[in-house]
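The structure appears right after this line, and notes come after that.
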Amino acid sequence: DCFERDRFKVLHKLGHGGSSTVWLARDQAGSKLGRLVALKALRADASSTSIPDLTIPNLLQAATPPCPRIQTVDHHFTVKGPNGSHLFLVSPLAGPNMLAMLDCPGRVAGSRRLRADLARKVVKQVTTAVACMHRAGVVHGGALTNPIS
């Protein structure tokens, strides 16, 4: 399948949950021709509520200093289907999740722990990202991410 006037070509399903499905896609147009992206298709009923994925990037960029290393949605569009209008969110393709990293060559043989050098890098990146989010007024709490009021 292709979406957004054939700009995004779906290559593979990455996963799904209660409110969306995420696809691996290739950007076939625009300034980043050929790049791989994550294309998140929200259910129609989830597409009509306020979407933190679209408001939080503005807060992160307005922070002093800005948070340029946190990946956010860089494009979005709507597709009308038989069940209603579905919001599609386009993000740069990220690396593996932590669970997948536990089964990679970076782990300590015979255990589910990462090598110390890799674990330190992960902790530093997460800590830096959380500090930047807090500076921007964004707090992550469980399944919800909301701006501080």
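Quantities reported herein were computed from a predicted structural model and do not represent experimental measurements. Computed from heavy atoms alone, side chains included, the values below leave out hydrogens, waters and symmetry copies.
- Once rounded to the nearest 0.5 Å, the distance linking CG of Leu60 with CZ of Arg69 reads 14.0 Å.
- The side-chain heavy atoms of Leu93 and Leu14, taken from C-beta on, include a pair separated by under 4.5 Å.
- Residues satisfying the salt bridge (Lys or Arg N to Asp or Glu O under 4.0 Å) test with Asp74, not counting sequence neighbours, are Arg35.
- Of all the heavy atoms in Ser85 and Ser47, the pair that sits closest is O-CB, 3.5 Å.
- Clustering ILVMFWY residues whenever any of their side-chain heavy atoms sit less than 4.5 angstrom apart, transitively, puts Leu59 in the very cluster that holds Met133.
- Note: His86 NE2 to Ser20 OG = 12.0 Å, rounded to the nearest 0.5 Å.
- Remark: Arg43 pairs with Asp45 by the side chain to side chain donor-acceptor pair (under 3.5 Å) rule, at least two apart or across chains.
- Formation of a donor-acceptor pair under 3.5 Å by the Gln28 side chain with backbone atoms of Asp6 is found in this model.
- Listed here is the closest heavy atom pair of Thr72 and Pro92: O-CD, 3.5 Å.
- Cys67 and Arg135 make their closest contact through SG-NH2, 4.4 Å (heavy atoms, listed as atom of the first residue, atom of the second, distance).
- Applying the salt bridge (Lys or Arg N to Asp or Glu O under 4.0 Å) rule to pairs touching residues 78-89 yields nothing, sequence neighbours excluded.
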| query | Could you go step by step and tell me if Ile51 and Leu42 meet the side-chain contact (heavy atoms from CB on, under 4.5 Å) rule? | reply | CA-CA 10 Å; Ile51 309 293; Leu42 278 72; 3.8 Å; yes
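- Separation of atoms CG (Leu33) and CZ (Arg26) is listed at 9.0 Å; rounding is to 0.5 Å.
- Val90 and Val10 fall within the same hydrophobic cluster, where Ile, Leu, Val, Met, Phe, Trp and Tyr residues are linked whenever their side-chain heavy atoms come under 4.5 Å apart, directly or through other members.
- The two residues Val22 and Ala38 have their closest heavy-atom pair at CG1-CB, 4.1 Å.
- Within the model, atoms CD1 of Ile70 and OG1 of Thr128 stand 9.5 Å from one another, a figure rounded to the nearest 0.5 Å.
- Taking all atoms of both residues into account, the shortest heavy-atom contact from Ala44 to Asn83 is CB-O, 3.3 Å.
- Here the NZ-CG distance, from Lys9 to Leu36, works out to 12.0 Å after rounding to the nearest 0.5 Å.
- Taking the six-membered ring for Trp and the full ring otherwise, Phe3 and Phe8 have centroids separated by 6.0 Å or more.
- At a threshold of 4.5 Å between non-hydrogen side-chain atoms, the residues Leu87 and Leu54 count as touching.
- Note on Val79 and Trp23: same hydrophobic cluster, where clusters join Ile, Leu, Val, Met, Phe, Trp and Tyr whose side-chain heavy atoms are under 4.5 Å apart, directly or indirectly.
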